[in-house]
Amino acid sequence: MILEISDLDVHYGRRRRRRRALSGASLTVSPGEIVGLIGETGSGKSTLARAVLGLVRASSGRIVVDGEDVTGYRDRQWRALRRRGVVQYVFQDPLRSLDPDLSIMDSLVEPLLVRGSSRADAAGRARGYLSRVRLDEELLERLPGELSGGQRQRVAVARALVTEPKLVILDEPVSALDSANRVQILEIVKDLRAAGVAFVFISHDLGSVAGLADRIAVLYQGELVEAGPARDVVTNPRHTYTRLLISSAPTLRTASAGRAERAALRSHLAA
Ligand SMILES: Nc1ncnc2c1ncn2[C@@H]1O[C@H](COP(=O)(O)OP(=O)(O)OP(=O)(O)O)[C@@H](O)[C@H]1O
Ligand SMILES: [Mg+2]
């Protein structure tokens, strides 16, 4: 197992402003597996990702990364874990994954230089990963602000890959992209899975991951209400919220329900 999360609770805020963002969440990811993590806005998807990287603390539960129990880690240990790069997180906003003042080349080599690579070796690897995400080398001297959104997203993915992670968490990697760029990102993820990299692919849209993910986990109001093989979740959803997601996804038309059924599912959820 590359990732094991058990019974994870995460809170934000203190005292009277303390609110629970994740409640009893359990999830596992095997090597080379793509897990789709689905849920509406505010359901806790990014919170789960942040918890795995130590960017927010769990109030209870357990997180095991690549066989190492990281739950009680101190700041210094979390930083060391992130620097090792076994798990990489590509932020929802690709601008956050990239330093605006660093050229694409510098962004790509930086994680390698801090791990002791020579400049020449790091530059060679950076070029290799740039071509793996199907970008042209002429982009290397530009700044992030001089790229299109789709190019930036792919640079962020390339930067996550240079440390040869076993697991990459992609937070809404395709939501902001047009369909051509979206298809390219999905193809890149499939290629990398074939090379043994595992992914958590976060999306609010079940339709965009149904054909890609091996397993799908559904978050609803901070709780994982459903998890299973992608096909089972799509053809035989157990939770009302999952049924609503399926009936609302235009690409899952065959399983799609009419407006009346969606209204019924919504009122059932609200009850
Ligand atoms: N830094 C923070 N401080 C306080 N509350 C937060 C913080 N970050 C997130 N939250 C709250 O925690 C809940 C879960 O947020 P999270 O960002 O995990 O949702 P999400 O599923 O990623 O949503 P989206 O699809 O919009 O990205 C939300 O209610 C959000 O308002
Ligand atoms: Mg989010």
Side-chain angles (χ1 to χ4, degrees), residues 3 5-27 29 34-63 65 70-71 75 78-79 82 87-98 149-150 152-153 156-157 160 167-177 182 185-186 189 199-210 212-213 215-227 233 237 239-242 244-246 248-252 266 269-270:
L3 176 65
I5 297 175
S6 0
D7 236 355
L8 191 70
D9 280 9
V10 175
H11 291 81
Y12 288 112
R14 284 164 194 273
R15 304 210 186 133
R16 277 172 46 209
R17 297 175 66 187
R18 188 171 150 93
R19 281 200 54 234
R20 187 152 65 181
L22 272 183
S23 176
S26 298
L27 183 72
V29 183
I34 302 179
V35 174
L37 181 61
I38 314 300
E40 65 196 353
T41 182
S43 57
K45 306 181 296 295
S46 298
T47 299
L48 190 139
R50 282 182 214 124
V52 172
L53 275 298
L55 301 171
V56 62
R57 287 308 146 82
S59 20
S60 64
R62 207 163 86 100
I63 303 173
V65 174
V70 300
T71 319
D75 286 348
W78 280 117
R79 278 197 297 276
R82 290 196 291 269
V87 180
Q88 290 284 8
Y89 178 35
V90 179
F91 286 93
Q92 196 160 357
D93 172 5
L95 282 175
R96 272 190 73 191
S97 296
L98 302 171
R152 237 174 353 238
Q153 188 64 270
V157 172
L167 172 66
V168 180
I169 304 178
L170 299 173
D171 200 343
E172 299 271 8
V174 295
S175 313
L177 304 181
R182 194 172 303 178
I185 292 274
L186 300 183
V189 170
F199 288 89
V200 173
F201 194 104
I202 296 178
S203 178
H204 59 269
D205 171 30
L206 181 58
S208 70
V209 299
L212 174 76
R215 283 191 301 127
I216 289 177
V218 179
L219 261 178
Y220 180 63
Q221 296 182 350
E223 291 185 37
L224 271 171
V225 293
E226 181 139 2
V233 170
H239 195 273
T240 309
Y241 178 66
T242 316
L244 180 62
L245 280 178
I246 291 167
S248 312
T251 50
L252 301 176
R266 275 201 193 88
L269 274 174

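Counting starts at 1 for both ligands and their atoms, in listed order.
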For atom CZ of R62, decide whether the heavy atoms of other residues, nucleotides or ligands shown that lie under 6.0 angstrom number more than 12.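 No, because the 6.0 Å sphere around CZ of R62 holds 12 heavy atoms or fewer from other groups.
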Heavy-atom count check: over 12 atoms from other residues, nucleotides or ligands less than 6.0 Å from R96 CZ?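 No.
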Nearest to [atom], what protein heavy atom do you find, and at what distance?
atom: atom 26 (O) of ligand 1; result: T41 OG1, 2.5 Å
atom: atom 17 (O) of ligand 1; result: R50 NH2, 3.6 Å
atom: atom 15 (O) of ligand 1; result: T47 OG1, 3.7 Å
atom: atom 2 (C) of ligand 1; result: Y12 CD2, 3.5 Å
atom: atom 29 (O) of ligand 1; result: R19 NH1, 3.7 Å
atom: atom 13 (C) of ligand 1; result: G42 O, 3.7 Å
atom: atom 25 (O) of ligand 1; result: K45 NZ, 2.7 Å
atom: atom 27 (O) of ligand 1; result: Q92 NE2, 2.9 Å

Atom pair OG (S26) and CG (D7), whose distance is rounded to the nearest 0.5 Å: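 Reported value, rounded in 0.5 Å steps: 5.0 Å.
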May I ask you to check if any N/O/S atom from T47 comes under 2.8 Å of the Mg ion (ligand 2)?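 False for T47.
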Using 2.8 Å as a strict upper limit, say whether an N, O or S atom of T41 approaches the Mg ion (ligand 2) that closely.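 Checking the Mg ion (ligand 2) against T41, no N, O or S atom falls under 2.8 Å.
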Is it true that H204 lies under 4.0 Å from ligand 1, counting heavy atoms only?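 Contact absent.
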Heavy-atom contact check, 4.0 Å cutoff: does S43 meet ligand 1?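 Distance cut 4.0 Å: S43 passes for ligand 1.
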Return yes or no for this condition: an N or O of A21 is under 3.5 Å from an N or O of ligand 1.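 For ligand 1, there is no N or O atom that lies under 3.5 Å from one belonging to A21.
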Please indicate whether any nitrogen or oxygen in G44 is less than 3.5 Å from any nitrogen or oxygen in ligand 1.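 For ligand 1, there is an N or O atom that lies under 3.5 Å from one belonging to G44.
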Where do D171 and R50 land on the salt bridge (Lys or Arg N to Asp or Glu O under 4.0 Å) test, with the steps shown first? CA-CA 10 Å; D171 200 343; R50 282 182 214 124; 6.0 Å; no
